[in-house]
Amino acid sequence: MNQMIRSFVLAAVLGTALPAMAEVVVVVNPSAPQASMTRDEVAQYFLGKSTALAPVDQPESAPIRAEFYKKVADKDMSQVKALWSKLVFTGKATMPKEVGGSADVRRAVAANPKAIGYMEKSAVDATVKVIYTAP
């Protein structure tokens with residue numbers, strides 16, 4: 001019985017220690033011509049390979065940022081940081097604009113027809129258009 005209680009407590013602690021995975025969507029301004037994008041197309045903007053849209057990033061400490069880069073670019077945060085350090089150092093790209101969270105991403109994308117960002121699906125409203133949903 002004691003073992004069962006310890007197992008239950010451990011499971012409860014581990015369950016609350018792990019962040020819940022949010023449904024991540026990529027958004028653009030409603031006036032943007034894109035109706036949808038592939039995973040690779042989205043990754044190109046956030047990895048500095050395309051400049052047609054200006055990427056808006058979440059804070060480095062936000063769990064959604066790591067989740068987004070893993071799901072969309074198949075990279076962990078150290079790989080993303082190394083890639084951007086090289087691009088910025090060589091003058092090939094400028095890092096994405098970083099904002100405070102999903103509400104700030106929504107505001108930045110709504111205000112700029114050339115912006116692209118990612119956020120929790122639950123934060124989407126009519127001021128942005130979803131063009132990709134991360135699996």
Just distance, no hydrogens or angles: give the donor-acceptor pairs under 3.5 Å from side chains in residues 107-114, sequence neighbours left out.
unit_1: R107; atom_1: NH2; unit_2: D104; atom_2: OD1; d: 2.5
unit_1: N112; atom_1: OD1; unit_2: K114; atom_2: N; d: 2.8

Legend entry - side-chain contact (heavy atoms from CB on, under 4.5 Å) involving T38 - partner list, sequence neighbours excluded: D40, E41

Distance-only check: which donor-acceptor pairs under 3.5 Å involve side-chain atoms of residues 53-62, not counting sequence neighbours?
unit_1: D57; atom_1: OD1; unit_2: Y69; atom_2: OH; d: 3.4
unit_1: D57; atom_1: OD1; unit_2: Y118; atom_2: OH; d: 2.4
unit_1: D57; atom_1: OD2; unit_2: R65; atom_2: NH2; d: 3.4
unit_1: D57; atom_1: OD2; unit_2: Y69; atom_2: OH; d: 2.9
unit_1: Q58; atom_1: OE1; unit_2: S102; atom_2: N; d: 3.4
unit_1: Q58; atom_1: NE2; unit_2: S102; atom_2: OG; d: 3.1
unit_1: Q58; atom_1: NE2; unit_2: Y118; atom_2: O; d: 3.0
unit_1: E60; atom_1: OE2; unit_2: K81; atom_2: NZ; d: 2.8

Inset, instruction - Apply side-chain hydrogen bond (donor to acceptor under 3.5 Å, both in side chains) to S122 and list each qualifying residue two or more places apart in sequence or on a separate chain. - result: none

Legend entry - Euclidean distance, L83 CG relative to K49 NZ, rounded to 0.5 Å: 7.0 Å

Legend entry - Minimum-distance pair of heavy atoms, taken over all atoms of V26 and F68: CG2-CE1, 3.8 Å

Inset, instruction - Not counting sequence neighbours, which residues clear side-chain contact (heavy atoms from CB on, under 4.5 Å) with A35? List them please. - result: none

Inset, instruction - Return each pair, listed once, that meets ring pair (Phe, Tyr, Trp, His ring centres under 6.0 Å) where at least one residue sits in residues 88-107; pairs must be two or more places apart or across chains. - result: none

Inset, instruction - Return each pair, listed once, that meets salt bridge (charged side-chain N to carboxylate O under 4.0 Å, His left out) where at least one residue sits in residues 24-37; pairs must be two or more places apart or across chains. - result: none

Legend entry - salt bridge (Lys or Arg N to Asp or Glu O under 4.0 Å) against K70, all qualifying residues, sequence neighbours excluded: D74

Legend entry - With R39 via salt bridge (Lys or Arg N to Asp or Glu O under 4.0 Å) - residues at least two apart: none

Show me the side-chain donor-acceptor pairs of residues 126-135 shorter than 3.5 Å, one per line, residues at least two apart or across chains.
unit_1: T127; atom_1: OG1; unit_2: D125; atom_2: OD1; d: 2.5
unit_1: K129; atom_1: NZ; unit_2: A32; atom_2: O; d: 2.6
unit_1: K129; atom_1: NZ; unit_2: Q34; atom_2: O; d: 2.8

Legend entry - ILVMFWY cluster, V80 and I116 together (side-chain gap under 4.5 Å): yes

Legend entry - Qualifying side-chain hydrogen bond (donor to acceptor under 3.5 Å, both in side chains) pairs with a residue from residues 84-96, counting only residues at least two apart or across chains: none

Inset, instruction - Output all residues satisfying side-chain contact (heavy atoms from CB on, under 4.5 Å) with P30, sequence neighbours left out; order by chain, then residue number. - result: none

Inset, instruction - Verify the cluster assignment for V42 and L47: are they in a single hydrophobic cluster under the rule of side-chain heavy atoms below 4.5 Å apart? - result: yes

Legend entry - V25 side chain near M119 side chain, heavy-atom distance below 4.5 Å: yes

